[in-house]
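Below, read A as the first sequence line, B as the second, and so on, with proteins coming before strands; counting in each chain starts at 1. Quick caveat: nothing in here was measured; it's all calculated off a predicted structure.
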Amino acid sequence: MLEIKFVRQNLERVQAALAARGDAADMKVFEDADEQRRTILAQIEELRHKRNVVSEQIAQMKRDREDAESLVLEMREVSATVKELEKKLSGHEAVIDEIVMGIPNIPHESVPAGKDETENTLYRKWGEPPEFGFFPKPHWEIGEALKILDFETASKITGARFPLYMGAGARLERALINFMLDIQTGEHGYTEILPPFMVNRTSMTGTGQLPKFAADLFKIEGWDYFLIPTAEVPVTNIHQNQILDESEFPICYTAFTPCFRSEAGSYGKDTRGLIRQHQFNKVELVKFSLPETSYDELESLLENAETILKRLELPHRVVTLCTGDIGFSAAKTYDIEVWIPSQGVYREISSCSNFEDFQARRANIRFKRKGKKGTELVHTLNGSGLAVGRTVAAILENCQTGDGSVIIPEALRPYMGGLERITGS
RNA sequence: GGAGAGAUGGCCGAGUCGGCUGAAGGCGCUCGCCUGCUAAGCGAGUGUGUGGUGAAAGCUGCACCGAGGGUUCGAAUCCCUCUCUCUCCGCCA
């Protein structure tokens with residue numbers, strides 16, 4: 001959420017930022033409602049002031065055993081007026097709220113302009129796509145042949161777009177989770193979190209999934225709870241409604257969770273394999289930062305995520321999302337994309353964003369500086385470190401051999417009980 | 001699922017028959033004094049949000065005692081609804 005004052009004073013800029021995202025909002029409606037709200041608020045406050053003062057008089061008169069009846073009657077009138085005005089006020093506030101909650105973050109100045117993902121810019125690249133000497137198979141074919149992935153059975157159990165891992169496949173998923181967590185906690189200093197996998201509406205609103213993106217979420221019937229679409233939601237909300245101390249920063253958390261996404265509107269995309277599922281595992285990185293260092297923190301968070309791919313020797317690149325492709329809450333986002341040989345393209349495996357104070361304002365996460373009055377909003381950041389299912393897909397495809405077996409990256413072998421290769425038998 | 005208790009400022013914790021309580025007291029924190037260092041001690045200050053005014057320090061309005069509604073001239077205090085937390089019983093991995 002942007003600050004209302006900021007929106008009011010930067011109408012054109014907000015409008016422009018919206019346009020850059022290919023979005024639009026009617027700022028005229030906002031302007032009108034905002035002006036009305038302020039006018040009425042001034043009236044209300046004046047009346048309440050009067051009432052406070054007079055009530056004090058009444059109290060004094062009663063103590064002195066004087067007759068205060070006429071003042072009481074007058075104040076009865078005032079209270080009625082206030083009540084009326086308050087009703088009007090809340091109407092305007094609802095309008096403003098809806099508009100402001102629906103305004104996405106303003107992109108950072110370093111974000112390239114562009115209309116969609118085709119205009120994202122390359123930030124850096126690591127490794128070279130492997131040469132196979134045969135046509136690389138898609139990971140679902142490899143996985144099914146090795147009997148470590150079974151999508152058909154998963155759809156029998158639940159439905160389309162759910163994964164079922166078996167044997168070495170299940171082990172591989174688990175190994176990756178541990179591998180990722182160990183690096184982030186042991187080498188990069190993140191604190192491990194294991195949060196609830198369902199959250200309430202307030203938390204979802206705090207990080208920006210609600211109210212605008214309800215259609216992407218799974219809701220629990222009979223409860224106002226939602227399955228988390230990412231650990232970002234429960235982990236960022238750890239500090240919801242808190243005032244942190246300047247000395248605590250940066251606060252770095254990492255969490256493994258399953259993620260649940262209904263992915264409305266993505267029909268027909270990636271219908272096969274692990275790339276796009278209603279449920280997938282992810283190790284997430286979340287940071288709380290001082291405003292002045294948040295962009296440095298974004299760079300280091302990005303590196304922390306990339307480390308995983310380097311250790312796994314998976315070729316990848318980093319792109320900076322352009323204004324048209326950046327997410328609703330983010331001010332700047334890097335996507336890490338891993339090479340998928342069967343498709344001959346790089347596919348997103350991590351998304352690292354700085355939200356600046358956008359989420360902090362919604363979730364009310366602030367901090368205090370030593371010796372300074374008042375509070376400031378913190379900056380929040382997060383990134384995948386990494387999406388586990390997509391990592392499995394990348395390993396199966398990049399490490400496949402002509403005989404259908406898959407060579408396990410060396411760094412992962414300790415987590416696989418020393419296993420070097422997944423074979424059919 | 002059944003029975004009970006509770007929700008107050010950064011934290012702990014008072015709030016009497018509704019008015020002088022934005023909130024006692026303590027802790028913590030900040031500044032100053034004192035002390036050979038540390039500790040202790042002494043003094044002063046210290047909520048959040050939002051608006052006005054001011055160059056600034058500051059002054060000042062309004063709101064906020066879990067959330068929402070109600071009663072009243074006036075509510076942290078009374079009434080209703082909801083949420084959450086805790087304890088006991090039952091059930092359960």
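Residues A:Arg63 and A:Gln60 form a side-chain contact, since some pair of their non-hydrogen atoms from C-beta on lies under 4.5 Å apart. You'll find the side chain of A:Pro234 stays beyond 4.5 Å of the side chain of A:Ser203, heavy atoms only. The shortest distance between side-chain heavy atoms of A:Val378 and A:Leu290 does not fall below 4.5 Å. Looking only at side-chain heavy atoms (C-beta outward), A:Asp224 and A:Asn200 stay at 4.5 Å or farther from each other.
We find that A:Lys368 and A:Glu246 are not joined by a salt bridge, their nearest charged nitrogen and carboxylate oxygen being 4.0 Å or further apart. Between A:Arg51 and A:Glu74, no side-chain nitrogen of the basic residue sits less than 4.0 Å from a carboxylate oxygen of the acidic one, so the salt-bridge criterion is not met.
A donor-acceptor contact shorter than 3.5 Å links the side chain of A:Arg21 to the backbone of A:Asn105.
With a cut-off of 3.5 Å on both Watson-Crick or G-U wobble distances, the partner of B:G9 is given as none. Base pairing analysis places B:C65 opposite nothing; no Watson-Crick or G-U wobble pair with both distances below 3.5 Å involves it. Under the Watson-Crick or G-U wobble criterion, with both distances below 3.5 Å, B:G36 has no partner in any strand shown. Checking B:U72 for Watson-Crick or G-U wobble geometry (two distances, each under 3.5 Å) identifies no partner in any strand. Base pairing analysis places B:A14 opposite nothing; no Watson-Crick or G-U wobble pair with both distances below 3.5 Å involves it. Remark: B:U46 base-pairs with B:G28; criterion is Watson-Crick or G-U wobble with both hydrogen-bond distances under 3.5 Å. Base pairing analysis places B:U21 opposite nothing; no Watson-Crick or G-U wobble pair with both distances below 3.5 Å involves it. Of all nucleotides present, none satisfies the Watson-Crick or G-U wobble test against B:A55 with each distance under 3.5 Å.
Between A:Ile365 atom CD1 and B:G10 atom P the separation is 16 Å, expressed in whole Å. Straight-line distance from the CD atom of A:Gln43 to the P atom of B:G51: 18 Å, rounded to whole Å. Between A:Arg201 atom CZ and B:C82 atom C1' there is a gap of 15 Å when expressed in whole angstrom units. Whole-Å rounding puts the A:Arg369 CZ to B:C29 C1' distance at 18 Å. To the nearest angstrom, P of B:U50 lies 11 Å from CZ of A:Arg37. Between A:Glu3 atom CD and B:U50 atom P the separation is 7 Å, expressed in whole Å. A straight line from CD of A:Glu248 to P of B:C29 spans 14 Å, rounded to a whole angstrom. Computed from coordinates, the A:Leu244 CG to B:C11 P distance equals 12 Å when rounded to whole Å.
Spacing of C1' atoms, B:A14 relative to B:G22, comes out at 15 Å, to the nearest Å. If you take atom C1' in B:C88 and the same atom in B:G70, they sit 34 Å apart, rounded to whole Å. Rounded to whole Å, the P atom of B:G36 lies 39 Å from the corresponding atom of B:G10. Distance noted for atom P between B:C64 and B:G69: 11 Å (whole Å). Across B:G18 and B:A23, the matching C1' atoms stand 15 Å from one another, rounded to whole Å. To the nearest whole angstrom, the two C1' atoms, one in B:G19 and one in B:A75, are 10 Å apart. Separating the C1' atom of B:G15 from that of B:A76 is a span of 8 Å, rounded to the nearest Å. Separating the C1' atom of B:G41 from that of B:U35 is a span of 9 Å, rounded to the nearest Å.
A:Asn354 contributes atom CG, which lies 4.5 Å from atom OH of A:Tyr295 (distance to the nearest 0.5 angstrom).
Between A:Phe218 and A:His278, the distance from one ring center to the other falls under 6.0 angstrom.
For A:Glu93, there are no salt bridge (charged side-chain N to carboxylate O under 4.0 Å, His left out) partners at least two apart in sequence or on another chain.
The 5' end of RNA chain B is approached more closely, in terms of each residue's nearest nucleotide, by A:Ala59 than by the other of A:Lys5 and A:Ala59. A residue-by-residue look at A:Ile243 and A:Arg8 shows that A:Ile243 has its nearest nucleotide of RNA chain B further toward the 5' end.
Side-chain contact check for A:Tyr253 and A:Glu192: no donor-acceptor pair (N or O, by modelled atom type) lies under 3.5 Å.
Distance from the side chain of A:Arg366 is smallest for B:G49 among the nucleotides B:G19, B:G49, B:G51.
Using a 4.0 Å cut-off on heavy atoms, the residues of residues 60-88 of chain A that approach RNA chain B are A:Lys62, A:Arg63, A:Val72, A:Met75, A:Arg76, A:Ser79, A:Lys83, listed by number.
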Contact pattern, 5' to 3', of nucleotides 56-64 of chain B - B, S or - by protein heavy atom under 4.0 Å:
-----BSS-
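Regarding contacts with the backbone of B:C84, a side-chain N or O of A:Tyr225 is found under 4.0 angstrom from either OP1 or OP2.
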